[in-house]
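Below: one structure, written as structure tokens.
Residue numbering restarts at 1 for every chain, and letters A, B, ... go by the order of the sequence lines.
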Amino acid sequence: MADVLGRWRLERLPSPSRLGAVLVPAASILLALVAGGLIVALAGQNPLAVYGAMLAGALGSRNGLAETLVKTTPLLLTGLGVAVAFRMRLWNIGGEGQFYLGAIVATWIALFGLPDAGGWALVPAMIAAGLLGGALWGLIPGALRAYLGANETIVTLMLNYVAILLADWLVHGPWKDPQAFGFPGTPRFSSAAALPALAPTRVHLGLLFGVTAAAVLWVLFRRTRWGYEIGVMGESDRAARYAGMPTRRTILLVMALSGALCGLAGMSEVAGIGQQLQRNLSPGYGYTAIIVAWVGRLHPGGIVVVAFVLAALLVGGDQIQMSMGLPAAIAPMLQGIVLFFLLGGELLTRYRLVRHPAPSDAAATGAGT
Amino acid sequence: MRSVSKHFGPTVANDAVDFAASWGEVHALIGENGAGKSTLMSILAGLYRPDAGTLGVAGEPVRFRSPRDAIRHGVGMVYQHFMLVEPFTVAENVLLGARDRGVVLDTRSVEADLSRLGERYGLAVDPRAPVWHLGVGERQRVEVLRLLLLGARILVFDEPTAVLTPQEARSLIATLRALAAEGFCVVFISHKLDEVLAVADRITVMRRGRVAATTTPAETDRRALARMMVGRELAAFVEHPAEEPHETVPAGNVALRVRGLRARGDNGLEALAGVDLEVRAGETLGIAGVAGNGQRELAETIVGLRPTAGGSVHIGGRDLTDKGCSAVARTGVAHIPEDRLATGLVGSLDVSENAILRDYRRPPLARGPFLVGRAVAAFTDRLIHGHDVKTPSRWAKVRTLSGGNQQKLLLARELAGDPAVIVAVHPTRGVDIGATEAIHGSLRAQRCRGAATLLIGEDLDELLALCDRIAVLYEGRVVGELPARGADLERLGLLMAGIQEATASGATAADRPPVVLRG
Amino acid sequence: MEQVFTVGFLVAVLAAAIAAGSAILFACLGELLAERSGVLNLGVEGMMLIGALAGVAATLGTGNPWLGAGAAILAGAGMASIHALLAVGLKANQVVSGLALTLFGGGLSAFLGQRYVGLPLPASFGREPVPLLADLPLFGPILFRQDPLVYLSYALVPALWFFVYKTRAGLRLRALGERPEAADAMGIDVDRLRASYVVVGGALAGLGGAAISLGTNPGWTEGMTAGRGWIAVALVIFAGWNPARAALGAWLFGGVEAGQFRLQGAGVDISPFFLGMLPYLFTIVVLVLATRPGARHRLGAPAALGLPYQREERG
């Protein structure tokens with residue numbers, strides 16, 4: 001890249017500048033939208049119309065806003081989940097699988113475990129089941145990492161596919177609703193299994209789980225010994241061992257908590273929205289969660305904000321699919337671009353460009369940026 | 001080099017430096033840590049680009065944009081941390097930088113060249129050996145041979161003798177003289193005044209990024225050089241390092257006892273092959289040895305960072321073998337690790353987060369599962385003020401502090417609980433002279449208080465000044481031990497090379513062939 | 001059940017394994033080059049998808065699958081250059097940058113590919129038996145009745161092996177991933193070379209995508225690589241960063257994929273969902289075996305993998 005940068009050199013700043021920490025991400029997102037608009041324009045669509053439709057669809061109406069809050073719920077919970085692991089530099093990209101496992105175990109409780117229980121027993125049992133299912137799916141890579149040193153990035157990722165195939169098998173096979181003809185899905189849960197709605201909309205109790213989890217994690221990260229340990233272990237494994245911190249146990253606990261939050265997201269999705277397990281339950285929430293966590297700087301408050309914004313993006317994508325016939329995949333595409341620009345922009349908060357005196361032999365060419 | 005300047009962020013490493021060395025001379029560049037020697041030479045070698053100033057080689061103005069340019073103009077550097085790829089063989093490492101050697105790897109022709117040059121300059125080394133098999137001295141020879149093969153005429157050495165035994169250092173110095181005699185220009189960075197006075201034709205002294213003086217050995221002496229380096233008179237330490245007076249402290253009970261200790265290194269090979277040690281309260285035991293002979297593993301095993309493969313560690317009479325780091329720390333063991341920013345401190349966390357690293361579990365810092373913010377702040381302030389740690393605030397990232405202040409913070413934290421045993425590894429490495437004096441003062445005070453100290457060092461002068469006894473570690477064993485007072489440097493050197501008296505004349509040195517100078 | 005495992009059946013499975021494995025193999029070899037130079041790129045899946053789509057689009061436009069493969073190579077390289085710019089040039093977090101690339105590639109290919117879904121290709125890579133060799137017993141039908149991209153992969157494996165271990169450029173490549181500061185001191189432009197290998201790696205991933213969309217499953221469907229890019233990433237570890245072992249691993253995975261359909265076809269009653277899990281579970285097992293305590297050194301992981309190189313950063 002020496003040629004790209006020419007005579008400009010990167011110089012590390014001793015500490016990131018305050019102003020840059022706000023301005024740079026904002027400018028990055030703006031530029032990302034411009035770049036995304038260019039692609040949309042090249043595909044023969046009017047980017048302003050597309051963005052306008054997305055914005056109006058996501059935030060412009062009571063229903064749109066409700067839908068955005070509905071989508072915020074899984075993104076918030078999975079985003080918080082993976083952030084717990086990321087704080088410790090455990091690259092859990094298995095939020096998707098943990099989400100599915102939470103949904104699967106909660107579904108089992110609703111359909112087979114306690115099918116006739118009342119809501120006061122059933123909903124807490126399903127919550128526990130969701131937490132447990134996700135925790136289990138997080139513990140597998142956690143244990144492999146803690147005891148055998150297996151790279152958790154690859155294991156969590158592989159387990160995503162396994163979990164999705166497991167759900168596919170269940171809804172096509174043993175748990176298939178016999179009355180649903182061709183459509184793969186389980187039967188509907190009893191009404192006692194449904195998470196109560198927060199308003200006369202589709203927004204359900206799951207949103208409250210997310211906000212509560214964010215508050216609890218804020219206290220955990222900032223005010224507790226355990227949060228401090230996670231921070232130290234994330235920054236330096238050697239320093240953690242030097243301080244006598246129980247690395248293995250913490251890996252297990254962190255992966256379990258990380259998975260549990262993602263599992264809770266899966267549970268609240270089946271219990272709050274469709275009241276059934278179906279194919280393609282998640283449009284990749286577990287992957288989007290990585291962005292939510294990263295862009296939110298692994299900070300619970302930041303994650304709340306980013307989850308809402310990305311949910312709006314997803315709802316906007318769905319809206320233009322319905323209204324303009326464009327694929328909803330425009331949302332992950334934009335997410336990718338935003339991430340590129342944030343990654344590139346982050347550099348400007350950590351480094352600054354320093355111009356070097358022009359070498360006499362290169363001065364004639366006037367190498368610039 | 002004319003009025004060369006270089007900044008790293010807000011720090012000025014070189015400020016309008018003029019430097020000149022001639023063909024056929026050995027030119028020493030000396031100065032304190034952080035005086036800008038290495039930066040200046042890295043600019044000469046093309047690794048860094050100067051912010052201002054000009055370079056000339058053989059009268060021609062040059063401008064190096066990379067080490068490649070520098071090598072093309074005949075400038076090569078032997079870095080303190082060797083720039084060798086460990087899994088590669090010697091010949092492959094040489095080929096890495098070579099030009100015009102074809103597309104396909106052809107090690108044979110290089111092997112012949114290596115043997116020829118090695119013979120000529122007393123730099124024998126097996127061209128087919130993988131580098132990770134080689135000792136430090138041999139790796140250094142590979143570096144020199146490689147530069148010669150690449151056609152370097154100006155050779156820069158960054159503290160070349162710091163990692164060598166006195167014997168190896170002597171043979172290297174002979175090689176430097178031989179190279180200069182053949183017309184090469186040899187520049188070497190050092191902070192060992194005796195060595196500089198013995199070898200150099202000319203000496204340039206740097207202080208705080210500027211050239212303080214250029215002189216010759218005939219015109220100067222230790223005292224004058226030291227004064228130029230620091231800009232003030234120093235304690236007797238520099239002048240007569242070995243004769244530093246010890247206050248005598250009556251030795252107490254055995255505080256640390258190590259028996260038959262074995263452990264593996266990071267590469268899985270045996271690093272400690274049965275070490276026996278005893279340190280009494282109020283006593284300081286020094287561990288000398290060439291880097292990589294098990295020092296690091298010894299410290300890590302004692303403090304519980306590394307599992308043992310046999311033997312035992314008793315602290316204050318309790319068996320703490322493999323009981324883990326926190327159990328050892330609770331027993332009152334302080335640890336000043338070798339790599340402070342990788343192990344002892346976390347650079348990306350702030351001062352107070354680093355200050356509580358040892359005690360965060362205990363009241364008053366913790367109440368139940370929660371941390372008490374006010375207590376953390378008070379504790380941090382106490383450490384900062386007690387050890388004169390210079391930091392903008394409790395919230396400053398530790399990475400932004402100077403090396404000396406980082407080390408003072410680390411020391412403050414480790415000594416806060418008045419430990420019974422201190423395990424210190426290279427406590428003053430990369431630290432300026434002011435902080436070094438402060439750290440030495442703290443360690444002496446701890447000894448007087450009755451702490452048992454195990455001091456692992458690479459600087460013999462420092463060990464002689466601080467210790468009661470010195471044990472020499474070689475290939476994972478203690479090969480000898482002698483009282484620090486009046487210690488025989490020659491004997492220490494032989495021990496560090498693995499040569500014990502009984503075999504000093506024998507064949508144990510066979511794997512390090514004697515150096516023969518020709519031409 | 002015995003009649004299932006005839007020689008003919010095994011030959012068919014092995015031939016299908018090699019065909020199915022070639023896409024993973026191209027992507028794996030590409031990732032291997034990038035990782036050997038010290039750069040982890042988790043964007044393989046995204047690069048393959050874009051490659052697959054570009055291959056389909058160019059073939060539909062020109063009617064020539066070779067031009068399609070060329071377009072796939074360029075598209076993959078273009079995607080990888082984003083990663084090169086961010087992760088090498090700007091020293092951004094390699095994991096996040098790679099993930100972003102996969103997200104972007106998945107989204108962009110679905111967005112741009114909408115109009116190509118279900119379109120039949122005017123031409124694709126069909127089986128072209130090699131004269132003489134195809135008639136060898138056993139080996140002929142397994143190895144030499146394949147499509148041309150598979151033959152290309154046969155050539156690529158020994159070529160890359162020779163390149164990595166026996167050429168001076170390969171020596172430099174290994175030095176980049178092992179000890180970039182040593183390479184730098186020897187006058188090698190670390191960032192420029194690393195960026196080049198990332199781009200070449202992307203080109204191979206793009207070709208891997210085309211091996212699917214123009215070879216084994218002609219045509220475009222959304223998300224058609226189905227996680228093969230991730231398998232390629234895992235396989236690099238399995239292969240110990242050695243091109244020859246990468247081939248072995250890729251064909252093994254191809255075998256699981258191919259065997260799954262054949263067994264169903266042969267009436268063996270295992271749920272396809274469970275068979276589908278096998279490659280992923282197998283990757284985990286391989287990974288665990290490969291990272292057994294003590295195995296790491298022998299594995300030959302590049303020591304500087306995943307670490308950006310910044311010369312002037314020092315304490």
If I compare all heavy atoms of [X] with all of [Y], which pair ends up nearest, and what's the gap?
X: R361(B); Y: A243(A); value: NH2-O, 3.0 Å
X: L357(B); Y: A239(A); value: CD2-O, 4.2 Å
X: C325(B); Y: Y242(A); value: SG-O, 3.1 Å

Checklist line | Between CZ on residue R222(A) and CG on residue L371(B), distance to nearest 0.5 Å | finding: 11.5 Å
Check: CG/N354(B) to CD/E235(A) distance, rounded to the nearest 0.5 angstrom?
Finding: 10.0 Å
Checklist line | Top contributor to chain A contacts, counting heavy-atom pairs under 4.5 Å, from H335(B), E300(B), R330(B) | finding: H335(B)
Notebook entry, point to check: Which is it for Y228(A) and I356(B) under the side chain to side chain contact (heavy atoms under 4.5 Å, CB included) test, yes or no, and what are the steps along the way?
Noted result: CA-CA 10 Å; Y228(A) 171 72; I356(B) 63 170; 3.4 Å; yes
Check: Taking the side chain from R225(A) and the backbone from G368(B), do they hold a donor-acceptor pair closer than 3.5 Å?
Finding: yes
Counting only non-hydrogen atoms closer than 4.5 Å, does [X] touch chain A with its backbone (N, CA, C, O), its side chain (CB onward), both, or neither?
X: L341(B); value: neither
X: R413(B); value: side chain
X: L305(B); value: both

